[in-house]
Number of protein chains: 2
Amino acid sequence: MVPRPCSVQAALAVIGEKWSLLAVRELAFGVHRFDSIVRNTGAPRDILTNRLRRLESAGVVEKRQYSEHPPRFEYHLTEAGSELRPVLLSLGQWGDRWAVDVPTVRFEHTCGEALELVHTCKACGGEVTGRDLKAEQLTSDWTSAA
Amino acid sequence: MVPRPCSVQAALAVIGEKWSLLAVRELAFGVHRFDSIVRNTGAPRDILTNRLRRLESAGVVEKRQYSEHPPRFEYHLTEAGSELRPVLLSLGQWGDRWAVDVPTVRFEHTCGEALELVHTCKACGGEVTGRDLKAEQLTSDWTSAA
DNA sequence: CCTAGTGGGTTGGAAAAGTCAACCCACATC
DNA sequence: GATGTGGGTTGACTTTTCCAACCCACTAGG
């Protein structure tokens, strides 16, 4: 029996390791230097080194040299990395509501207001609460063992 | 130096361990039995046992007994767990786009159409792309070491 | 010149987590 | 009586993670 082929699992294979998403969060927050990411996440240095390498080879992060002697690098989100922001936002909102007493981060939208994220269906425009949806496996050669 | 206090990190502390979110995915897909979750995720049995315990004590999952002799249980999402669906959706959509060649799961909204998720700002109704937002630390006693 | 600090790592060893295969028990089915 | 299922537990083994220390090239201060 083979596990369910799934884009959630594929995404987690890229950003699901411990510290990876926190590193992405820092980059999204505009923190680009190794030492700062270490301090702000609390990640061990060697692990962070490893994570940044993996994120880089997965195309989520890119290294930019800002000094030659000695060689020094900044880390930036690629387009793929940038598109993780909705993931961070929904995760943060869930955390605010269910895993934390007092909100610790305020996201501000360009409209000037505090961002409260609403997930809507592109087709009908209606809000997606999560309760009102079904999942259907597209890969025909896979059968769930329910 | 203390790490950044953050709801993303708080959320990850609850559902960020390996296999946890895949287990939640199965529950969201309507798979409620231990053996099926094992098969569909590929998680080792002992780890899954552990994860379900942790998710349960975090209030994301609840156990329901459906047989007495022998005692048998089903796992269901609580309200907190159910609200992880947007996280799964945005993660899945990111995976579809950046981590997988061919989409493997189709989500259908109650409107009957295939769900394509759009993230909008509740205040102005505009789409949130991720590029157009700022994060601000609310905890005043924390200073970023950028 | 000497010292301290910064940036981006690497190294080694100990502790924790994950993996795998086997086992268990209570029932149901054939 | 043999086989299967559901929901685990156990023990041995492997892999990750963690932590503290170290390194090197440079900069800034006195």
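Only this structure's heavy atoms are used, side chains among them; waters, hydrogens and symmetry mates stay out. Residue numbers begin at 1 in each chain, while the letters A, B, ... track the order of the sequences.
Summarising the geometry, the separation between CD on B:Glu17 and C1' on C:dG18 is reported as 11 Å, rounded to the nearest angstrom. Summarising the geometry, the separation between CG on B:Asn40 and P on D:dG7 is reported as 13 Å, rounded to the nearest angstrom. Atom CZ of B:Arg53 and atom P of D:dG7 are 12 Å apart (whole Å). Atom CG in A:Asp35 sits roughly 13 Å away from atom P in C:dT10 (whole-Å rounding). One can place CZ of A:Arg51 at 15 Å from P of C:dG9, the figure rounded to the nearest angstrom. Here C:dG8 presents its P atom at 11 Å from CD of A:Gln65, a figure rounded to the nearest Å. Regarding B:Asn50, its CG atom lies at a distance of 14 Å from the C1' atom of D:dT10, rounded to whole Å. A straight line from CD of B:Glu74 to P of D:dG8 spans 12 Å, rounded to a whole angstrom.
A salt bridge (charged side-chain N to carboxylate O under 4.0 Å, His left out) with B:Glu74 is found for exactly one of B:Arg33, B:Lys63, B:Arg64, namely B:Arg33.
Of the candidate nucleotides C:dG18, D:dT17, C:dG8, C:dG8 has the atom nearest to the side chain of A:Arg33.
Ion pairing between a basic and an acidic side chain is recognised when a charged N comes within 4.0 Å of a carboxylate O; A:Glu26 and B:Arg4 show such pairing.
Applying the side-chain hydrogen bond (donor to acceptor under 3.5 Å, both in side chains) rule to pairs touching residues 48-58 of chain B yields B:Glu17-B:Arg54, sequence neighbours excluded.
Contact annotation: B:Tyr75 side-chain N/O to D:dG8 OP1/OP2 distance is under 4.0 Å.
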(request) Could you run through nucleotides 18-27 of chain D and give me one letter per nucleotide, 5' to 3': B if any protein heavy atom sits under 4.0 Å from the base, S if only the sugar-phosphate is that close, - if neither? (result) BB------S-
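The CD atom of B:Glu83 lies 9.0 Å from the OG1 atom of B:Thr78; values are rounded to the nearest 0.5 Å.
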Which side-chain N or O atoms in residues 88-95 of chain A pair as donor and acceptor under 3.5 Å with protein atoms at least two apart or in another chain?
from, atom 1, to, atom 2, distance (Å)
A:Ser90, OG, A:Pro86, O, 2.9
A:Ser90, OG, A:Val87, O, 3.2
A:Ser90, OG, B:Ser90, OG, 3.2
A:Gln93, OE1, A:Leu117, N, 2.7
A:Gln93, NE2, A:Leu117, O, 3.4
A:Trp94, NE1, B:Ala80, O, 2.8

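Taking the six-membered ring where the residue is Trp, A:His32 and A:His76 present parallel rings, their angle staying beneath 30° rather than reaching 60°.
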